[in-house]
J.: 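I'd like to ask some things about the structure below.
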There are 2 protein chains.
Amino acid sequence: MGVKIADPLLMREINKYHVLETIRHHGQISRVEISERTLLSGTTVSAITGALIEEGLIQATHTQVNGESQRGRPRVLLGLVPDAAYVLGIKISEAMTTVTLVDFRGESVSSVQLPVRLARQPAEVIADLIEDAMDDCVNKADIDRKRIRGIGIGVPGLVDPRSGKSYSSSVFGEREVPITSLLEGRTGLPVKLEKPANLMALAESWFGYAQSERSFAVVALDQTASLGLWVEADLHRGASTLGPTFGHIKVGGAGVVCECGQRDCLNAYVSEAVIRRKAADAMGPDFLGSAAARADLKQALADAAVTGNPAASALLAELGEKLGVGISHIINLINPEKIIIALESAQLGEAMAPALRAAAEANSFRAHFATTELIFHTLDDQLWARGAAALMLRDIYSAPWTPAY
Amino acid sequence: MGVKIADPLLMREINKYHVLETIRHHGQISRVEISERTLLSGTTVSAITGALIEEGLIQATHTQVNGESQRGRPRVLLGLVPDAAYVLGIKISEAMTTVTLVDFRGESVSSVQLPVRLARQPAEVIADLIEDAMDDCVNKADIDRKRIRGIGIGVPGLVDPRSGKSYSSSVFGEREVPITSLLEGRTGLPVKLEKPANLMALAESWFGYAQSERSFAVVALDQTASLGLWVEADLHRGASTLGPTFGHIKVGGAGVVCECGQRDCLNAYVSEAVIRRKAADAMGPDFLGSAAARADLKQALADAAVTGNPAASALLAELGEKLGVGISHIINLINPEKIIIALESAQLGEAMAPALRAAAEANSFRAHFATTELIFHTLDDQLWARGAAALMLRDIYSAPWTPAY
DNA sequence: GTCTTTAATACGGGATGCGTAAAAAGTAGC
DNA sequence: GCTACTTTTTACGCATCCCGTATTAAAGAC
């Protein structure tokens, strides 16, 4: 069915949602303009904004002289109340754990980064770590803890948002970690879990390049390649609720065996471990030991490529080519309006882009390639963490017409 | 946004839609049961069914003794009025053109099949052909022509539902044929165009194996391989509105060049032309000339395989394997609840299934493969044509909450 | 023929959105 | 500084919708 039975209360909720979304999107907006944009009558907009003010979600900020005429009663601009709610966004990865406190508008209030290398740690240890970081983050911001409404968290590896469990993640020692219930138990707050690529997708949809797209994809290249898919105005999770698999999609090639046992998986060409091995061969024995490569391998390769190292260029071009083949599958099957390739640095994008675009074009149907825009976006820890927060914010803004997930 | 602003009229329309859908789905159903299933109050259901009866869309059929008790006032069963509307569904393919007249319930009323081989015919000739077939079909049924509300049509090749044009289809001589406006001009009826796989998807969703799925895919193997994708309760058309490309997805292999110029496209292994060439090599020179092979090549191969011909078995197994690889991409990226493989015969399914399943499993991520069900469905001209009709019926039943496409 | 049971329909209450009219809140001009 | 004007915002009345309860309708049970 897709849509709930309608009754007057739902009607009001739907319109309230539209008004709140309009305000969120525009930051500061007058009642008249809300009315124009939503097509709701002025009367209704007044009633709804009145209720929202009552609830403490929005407030009158200042008045604005109207458009051109400069005459008549000035419009009162309405905006979200920043501290109507706070949400914590957490990003865990092998090299860095980031905690960000986000206000009701989605703006970052404070942030804590832990440059701790995690690999196969006991879940309890990581939970301790996160708990401390959250405390720091909240203390720094000096806000009322009661206003924190929940936690969104992104964990690398296989993640099931429905059960809230993380499976065989490289950061955890255990194979299966009920990360949400672990954190819920410690904090008493609702916790939502997603895979990083889905958080990126959420972030792009709320704050980034995809604010009004019906369908787009985010390809993230971190330890492995992963994919977040946004279809029909929502994350696509598929039948398993695990979200799309991108790292194990087949990209052709020499039949290289992936660690999953299958052949020619994308990850068999682009995962961090594989790149490390190839870099050792191609760049000489000293490269891996260099400070730059130890800090960020791909970044070091990109720097080398930019400064004219042919081996580094060739390696990154191969990376781009394999990613491009994988992306061609997305273009052929889904043909989203945009595919956002999230990378750690702009140099990396420059080094990979030509080969990636060429491979994508060479392997996808022309009409589809022409309508899907490829965008390179420097991956930003803050944005990512804000995506995690948006995961929880979504619940507060919840679209009322679809039955609960 | 995705959903319209709500007002009382929309509210009523939404609930009306739900009631009508419930009646359509159940065939015969009492007001009480509608109320239970939709969660609308009895009062509202009475009001809505009253209006629907007024409009002539539904009618009281007969009364039913209530559930167990056999006591009390019997329930009046409501059902769709079959001749509230009629729709024509047309399927054009190279070997056969089918026209089906479908009533408001989606039941086929009459059908005409033209076993005419079409290849690069002028559009006007085909339009003449179709017009005659439609006339025959309507005359056979002896209904009021004024009740025909529209035409849904499926044409092989590249098809743009938005512009209503067919591009480089094997049946048309011209590269670009504005098929909808051509037929609209001749009949004065609204015409909607889709690619066959999308019509199959629509048929499966309305009448077939996917009546309550949120997401599923239909893989059709006709002259070429094609794909219809159903995501979030609607056909997924993508940014180009052309729908997914399946025939040109890359499935690995020996680097065989496809007619599109790229390498290792699925079609380079499974299209009718390719199979014909391979069958000539593998089955000996007489095979292609045989009556069975001339009538239906793949069917002839399947028959041979079933009776123990190893060359035919091997050929079909290779077909299945390549399709399986293509399907693994669907599983990995979309992970729909079901993938329905529409084939021309059950024998063909038997001959290809093992290799197809094996290849799909070997190339897709385990958790995703486990949650996506593979179903073989014998492709049925009638069902296909009913799908074409459903394309138009959808408009009559139109879901009111989404803005017009 | 009356009683019991269940289905379907009026009726009143509550909530919503819309259009119009009135009030509010500024600017422009003198 | 006051008045006229313009535009925003709110108040009021009306129409529509859904829901819960009471009432009527239509059967079988006795």
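Quick note on labels: first sequence line is chain A, next is B, and so on, each numbered from 1.
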J.: Within this structure, what is the CD1-to-P distance between B/I5 and C/dT16, rounded to whole angstrom?
T.: 15 Å
J.: What is the nucleic acid contact for A/A6, judged by heavy atoms within less than 4.0 Å: base, sugar-phosphate only, or nothing?
T.: sugar-phosphate
J.: Please name the residue in the list A/E21, A/H26, A/H25 that meets the side-chain hydrogen bond (donor to acceptor under 3.5 Å, both in side chains) test with A/R37.
T.: A/H26
J.: What nucleotide among D/dC18, C/dC18, C/dA8 has an atom nearest to a side-chain atom of B/V76?
T.: C/dA8
J.: Using the closest heavy atom to pick a nucleotide of DNA chain C for each, name whichever of A/L9 or B/G42 lands nearer the 5' end.
T.: B/G42
J.: Is there a side-chain polar atom (N or O) of B/R12 under 4.0 Å from OP1 or OP2 of D/dC18?
T.: yes
J.: Phosphate oxygens OP1/OP2 of D/dC18: is one of them under 4.0 Å from a side-chain N or O of B/N15?
T.: yes
J.: Need to verify one output field. Residue with the more 5' nearest nucleotide on DNA chain D, B/A47 or A/T49?
T.: A/T49
J.: For a quick test of reading the model: is some side-chain N or O of B/R31 closer than 4.0 Å to OP1 or OP2 of C/dT9?
T.: yes
J.: What class does the angle between the rings of B/Y397 and B/W206 fall in, given that below 30° is parallel, 30 to 60° is tilted and above 60° is perpendicular?
T.: perpendicular
J.: Measure the distance from CD1 on B/I48 to P on C/dA8 and round it to the nearest whole Å.
T.: 15 Å
J.: Below the 4.0 Å mark, does C/dA8 have OP1 or OP2 next to a side-chain nitrogen or oxygen of B/R75?
T.: no
J.: Which residue, A/P8 or A/T43, contacts DNA chain D at a nucleotide closer to its 5' end, judged by nearest heavy atom?
T.: A/T43
J.: Under the side-chain contact (heavy atoms from CB on, under 4.5 Å) test against A/F104, which residue among A/I58, A/D83, A/I396 passes?
T.: A/I396
J.: Picking from C/dT9, D/dA11, D/dT9, which would you name as closest to the side chain of B/S46?
T.: C/dT9
J.: Answer yes or no: is there a donor N or O on one side and an acceptor on the other, between the side chain of A/T44 and the main chain of A/L40, under 3.5 Å?
T.: no
J.: Starting the side chain at C-beta, find the nucleotide from D/dC18, C/dT6, D/dA27 nearest to B/R73.
T.: C/dT6
J.: Rounded to the Å, how far apart are B/E13 CD and D/dC17 P?
T.: 10 Å
J.: C/dG17 P sits how many Å from A/H18 NE2, rounded?
T.: 13 Å
J.: Between D/dA15 atom P and B/M11 atom CE, what is the distance in whole Å?
T.: 17 Å
J.: Rounded to whole angstroms, how far apart are CD on A/E33 and P on D/dT7?
T.: 16 Å
J.: Of all the nucleotides listed (D/dC19, C/dA8, C/dC18), which has the minimum atom distance to the side chain of A/T44?
T.: C/dC18
J.: Counting N and O atoms only, with roles assigned by atom type, does the side chain of A/D160 sit under 3.5 Å from a partner on the main chain of A/L242, one being a donor and the other an acceptor?
T.: no
J.: Of the nucleotides C/dC18, D/dG20, C/dT6, which has the atom closest to the B/S41 side chain?
T.: D/dG20
J.: Please state how far atom CG in A/L10 lies from atom P in C/dG17, giving the value in whole angstrom units.
T.: 11 Å
J.: Output the rounded distance in Å from CG (A/L77) to C1' (C/dA25).
T.: 15 Å
J.: Side chains of B/N15 and B/T38 only: does a donor on one sit below 3.5 Å from an acceptor on the other?
T.: no
